[in-house]
Amino acid sequence: MSALKSAQVLPDGSAIRYIEIVGKGPSRVFVHGLGASSAPYYAAAVSHPALAGHRSLLMDMLGFGISDRPADFAYTLEDHADVLATAITAAADGQHVDLIAHSMGGAVAIVLAHRHPHLVRRLVLVDANLDPVPPHVSGSGIGRYTEQQFLDEGGRAETLDRVGPQWAATMRLAGPVALYRSAIHLYAGTRPTMRAMLGQLTIPWTFLYPEPEQAPLSSGDVVAVPDTGHNIMLDNIDVFARETARALS
């Protein structure tokens with residue numbers, strides 16, 4: 001059984017929305033990456049036998065997917081982390097959760113666990129951003145535009161054409177302001193960096209990355225997943241589900 005739910009996260013009434021899949025606890029919160037949405041990226045994995053049966057919340061960050069898209073929000077990684085923490089607090093009745101997060105969502109999850117340590121029991125990072133990225137080498141290419149160019153001079157349309165139909169299918173759902181500002185703040189990273197914050201966490205964490213890329217970390221529970229690209233949960237559902245289940249056991 002599943003249901004669409006929401007949690008107000010800003011005084012103006014803006015809400016984060018999520019799909020709740022009923023099951024046993026503790027709750028597992030799944031978070032998408034830049035220009036994505038959690039349900040399309042995680043639905044198949046959550047129904048895999050290794051992960052099925054647990055309460056799972058497929059949550060869209062503010063500005064993305066089915067969540068609200070306020071145009072006056074800054075969309076820094078810290079802002080995303082704080083409003084996501086508000087939504088998780090409401091959704092999980094103040095109990096700590098397992099947090100599974102991909103790409104930019106992984107960066108936000110690290111910041112959330114660092115700023116709100118009482119909320120997160122375990123952390124699974126799926127090819128998450130750990131360091132600042134030069135805008136000109138980013139996967140989306142959004143950093144080549146100013147905000148005005150992206151919003152008013154064709155930058156968004158060019159981006160949707162450039163990223164390909166699969167990514168564009170969810171990217172087009174994002175608020176244009178949210179997409180641009182989130183990308184720019186992701187490239188800039190945080191201070192301290194997400195990598196440094198991860199090193200300071202005291203909770204158990206696992207990092208999944210695509211094989212044969214170089215391991216992004218030299219210590220910790222770092223797992224290479226074969227036959228995948230960046231979207232590990234889509235490219236190799238079986239190994240993603242089994243490794244995530246192991247990490248959360």
Side-chain angles (χ1 to χ4, degrees), residues 4-10 12-19 29-43 57-88 99-109 111-112 126-129 133 135 138-190 194 229-231 233-234:
L4 173 61
K5 294 193 173 183
S6 66
Q8 181 179 331
V9 295
L10 293 178
D12 67 0
S14 294
I16 281 179
R17 295 185 179 84
Y18 57 96
I19 303 297
V29 177
F30 293 80
V31 183
H32 58 86
L34 178 70
S37 175
S38 286
Y41 277 73
Y42 289 111
L57 311 178
L58 280 59
M59 196 166 284
D60 283 350
M61 288 187 283
L62 199 66
F64 295 91
I66 57 176
S67 292
D68 287 334
R69 313 166 190 177
D72 57 350
F73 191 65
Y75 294 101
T76 67
L77 296 179
E78 293 88 350
D79 289 334
H80 275 300
D82 289 345
V83 295
L84 191 61
T86 299
I88 289 172
L99 190 54
I100 304 96
H102 176 234
S103 195
M104 185 190 87
V108 170
V111 178
L112 190 158
V126 188
D127 208 20
N129 295 80
V133 178
S138 67
S140 68
I142 292 173
R144 68 183 65 179
Y145 306 102
T146 66
E147 185 165 329
Q148 181 177 339
Q149 289 170 336
F150 186 79
L151 298 178
D152 303 324
E153 300 176 17
R156 177 177 177 272
E158 291 173 0
T159 300
L160 292 175
D161 287 340
R162 186 172 54 251
V163 300
Q166 182 177 7
W167 197 359
T170 54
M171 187 178 284
R172 67 189 180 193
L173 302 177
V177 171
L179 178 60
Y180 180 81
R181 293 179 183 173
S182 295
I184 296 303
H185 288 299
L186 177 63
Y187 307 151
T190 57
M194 296 83 76
H230 181 54
N231 297 320
M233 73 292 290
L234 296 176

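Hydrogens, waters and symmetry mates are skipped; everything else that's a heavy atom, side chains included, is used. If you're wondering where the values come from, they're calculated on a predicted model, not measured in any experiment.
The nearest pair of heavy atoms linking S67 to G63 is CB-N, 4.4 Å. In terms of heavy atoms, Y180 sits closest to I142 at CD1-CG2, 3.5 Å. Smallest separation of non-hydrogen atoms from L112 and A85: CD1-N, 3.7 Å. A7 and A87 make their closest contact through CB-CA, 3.9 Å (heavy atoms, listed as atom of the first residue, atom of the second, distance). Nearest approach of T159 to M171, heavy atoms of both residues: CG2-SD, 3.8 Å. Across S38 and D60, no two heavy atoms sit closer than the pair N-OD1, 2.8 Å.
H102 places a side-chain heavy atom less than 4.5 Å from the side chain of N231. Between F150 and L179, some side-chain heavy-atom pair lies under the 4.5 Å cut-off. S103 has its side chain out of reach of L34: every pair of non-hydrogen atoms, C-beta onward, lies at least 4.5 Å apart. The shortest distance between side-chain heavy atoms of L77 and N129 does not fall below 4.5 Å. Between R17 and D68, some side-chain heavy-atom pair lies under the 4.5 Å cut-off. Residues V29 and Y18 fail the side-chain proximity criterion, which asks for heavy atoms closer than 4.5 Å.
Counting only distance, with no hydrogens or angles, the side chain of Y41 and the backbone of V31 share no donor-acceptor pair below 3.5 Å. Put simply, the side chain of R162 gets close to the backbone of S140: a donor and an acceptor are under 3.5 Å apart. Panel note: side chain R69, backbone V177; no donor-acceptor pair is recorded below 3.5 Å.
With V108 as the fixed residue, the side chain to side chain contact (heavy atoms under 4.5 Å, CB included) test singles out one of T190, L84, T76: L84.
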Apply side-chain contact (heavy atoms from CB on, under 4.5 Å) to residues H185 and D79 and explain how you reach the verdict.
CA-CA 10 Å; H185 288 299; D79 289 334; over 6 Å; no
**OP:** Verify side-chain contact (heavy atoms from CB on, under 4.5 Å) between Y145 and E158, making sure each step is shown before the conclusion.
**Re:** CA-CA 10 Å; Y145 306 102; E158 291 173 0; 2.6 Å; yes
Evaluate the criterion side-chain contact (heavy atoms from CB on, under 4.5 Å) for residue pair H32 and M104; output intermediate values, then yes/no.
CA-CA 7 Å; H32 58 86; M104 185 190 87; 5.6 Å; no
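Once rounded to the nearest 0.5 Å, the distance linking OH of Y42 with CD1 of I100 reads 7.5 Å. From M59, atom CE reaches atom OG of S37 across 12.0 Å, with rounding to the nearest 0.5 Å. Taken from CD1 in I19 to CG in L4, the straight-line distance is 4.5 Å, to the nearest 0.5 Å. Between the CG atom in D82 and the CG atom in L62 there is a gap of 12.0 Å [rounded to 0.5 Å]. The distance from atom CD of E147 to atom CD1 of I184, rounded to the nearest 0.5 Å, is 8.5 Å. Remark: R181 CZ to L151 CG distance equals 8.0 Å, nearest 0.5 Å.
Below 30°, between 30° and 60°, or above 60°: for F73 and H80 the angle between ring planes is above 60°, a perpendicular geometry.
The environment of CD in Q149 is crowded: more than 12 heavy-atom neighbours from other residues, nucleotides or ligands sit within 6.0 Å. At most 12 heavy atoms of other shown residues, nucleotides or ligands fall within 6.0 angstrom of atom CZ in R172.
Checked against side-chain hydrogen bond (donor to acceptor under 3.5 Å, both in side chains), S14 has the following partners two or more places apart in sequence or in another chain: D12.
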